Amino acid sequence: MTIQWFPGHMAKARRQVTEKLKLVDIVIELVDARIPLSSRNPMIEEIIGQKPRLVLLNKADMADPVKTDQWITYFEEQGIKALAVNAQGGKGLHSIVQSAKDILKEKFDRMKSRGMRPRAIRAMIVGIPNVGKSTLINRLAKKNIAKTGNTPGVTKAQQWIKVGKELELLDTPGILWPKFEDESVGYKLALTGAIKDTILNLQDIALFGLNFLEANYPERLKDRYSLDEIPEEILAKFDAVGKKRGCLMAGGEVDYDKTSEVIIRDIRNVQLGPMTFDMIKELESGDI
Ligand code: G4P
């Protein structure tokens with residue numbers, strides 16, 4: 001489901017997260033491991049403030065494992081504990097409780113020394129749409145919790161889900177908006193399926209994808225579309241892929257919209273292998 005994020009929705013989403021923050025000890029921020037920065041809400045630091053936080057790089061099964069390690073190091077250098085997980089398959093989820101305990105150790109030790117009764121850690125999940133919040137909650141709850149429409153403002157009675165004895169999770173995640181300012185962030189969100197019906201031009205997204213593949217994974221590009229060489233010229237690239245994949249119009253000319261759809265779908269469905277689109281080097285040059 002695509003959300004149209006208007007200023008009113010953003011304000012409401014922010015208010016809802018801020019309200020729930022009061023109930024929890026820790027925020028579990030979900031990002032897409034393929035775009036660990038581009039899939040973050042642009043105001044996340046401000047919204048979460050001083051609340052302790054654990055970042056989960058979800059969909060790690062679809063990301064480049066070497067880059068995922070680099071991003072985990074990056075977060076840790078910012079003083080933020082981060083874990084790579086696969087909410088769908090379950091990989092990495094067993095570390096969540098222990099990491100939350102480590103992050104909150106001082107607070108809970110302090111509570112204990114003041115004579116307070118031990119209790120479970122309370123947590124909430126936040127993230128932009130489609131990063132896997134519902135999948136994670138269901139997986140941790142070990143049952144299917146109905147999705148409350150992916151719409152900011154849709155509310156229902158708040159419930160706690162027990163994750164073992166030591167963690168309690170709010171059953172509805174905080175849904176925050178993605179970044180909009182930067183075109184390349186938009187392309188990355190589209191190529192990873194974070195935004196689907198997009199206001200961005202299909203051919204522009206595909207071109208961004210092709211250029212990214214050529215620069216970073218040229219052999220995979222050649223393999224996937226049986227190309228001996230990657231043509232230099234933009235149109236020739238589309239022509240080569242379109243012809244190989246039979247994306248032709250009635251007269252036999254390449255259909256660029258169809259070709260773009262094929263490229264985008266292949267990237268989203270990991271047909272060219274696991275990939276990470278956000279690079280540490282872009283961060284250093286200010287491009288994310
Ligand atoms: P949300 O609540 O944050 O909006 O996300 P949701 O859980 O609905 O997940 C979005 C899509 O991502 C779902 O696919 C879900 O199965 C998939 N997903 C979640 N976590 C993982 C993961 O760790 N690995 C992989 N490979 N996929 C994951 P879907 O329902 O099929 O929707 P879509 O494919 O049409 O986007």
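Atom set for the values below is all heavy atoms of this structure, side chains included, hydrogens, waters and symmetry mates excluded. Order of listing sets the numbers, starting from 1, for every ligand and every atom in it. The structure displayed is predicted, hence computed values, not measured ones.
When heavy-atom distances to ligand 1 are checked against a 4.0 Å cut-off, D61 comes that close only through its side chain, counted from C-beta outward.
With ligand atoms numbered from 1 in the order given, ligand 1 contributes 22 (C), 23 (O), 24 (N) to contacts under 4.0 Å with heavy atoms of N86. Near M62, meaning under 4.0 Å from any of its heavy atoms, are these atoms of ligand 1: 25 (C), 26 (N). Those atoms of ligand 1 that come under 4.0 Å of a heavy atom in K133, given as number and element, are 1 (P), 2 (O), 3 (O), 4 (O), 5 (O), 7 (O).
The distance criterion of under 3.5 Å between nitrogen or oxygen atoms is met by A87 with respect to ligand 1. Of the polar atoms of V131, at least one N or O is found under 3.5 Å from an N or O of ligand 1, judged by distance alone. The shortest N/O to N/O separation between G132 and ligand 1 falls below 3.5 Å.
In terms of heavy-atom proximity, K51 sits nearest to V27 at CG-CG2, 3.8 Å.
Between the D25 side chain and the I121 main chain, no donor and acceptor come within less than 3.5 Å of each other. Listed for the K133 side chain is a donor-acceptor partner under 3.5 Å among the backbone atoms of I128.
Compare T135, T192, L30, V270 by their heavy atoms: the one nearest to atom 19 (C) of ligand 1 is in T135. For atom 32 (O) of ligand 1, the choice among K196, R268, R34, Q88 with the nearest heavy atom turns out to be K196.
Of the charged side-chain nitrogens involved, at least one lies within less than 4.0 Å of a carboxylate oxygen, so that R224 and D266 count as a salt-bridged pair. In summary, E46 and R14 engage in a salt bridge, as defined by a charged side-chain N under 4.0 Å from a carboxylate O. No salt bridge links R245 with E261; every basic N to acidic carboxylate O contact stays at or beyond 4.0 Å.
S38 pairs with exactly one of T192, D278, D182 by the side chain to side chain donor-acceptor pair (under 3.5 Å) rule, that one being D278.
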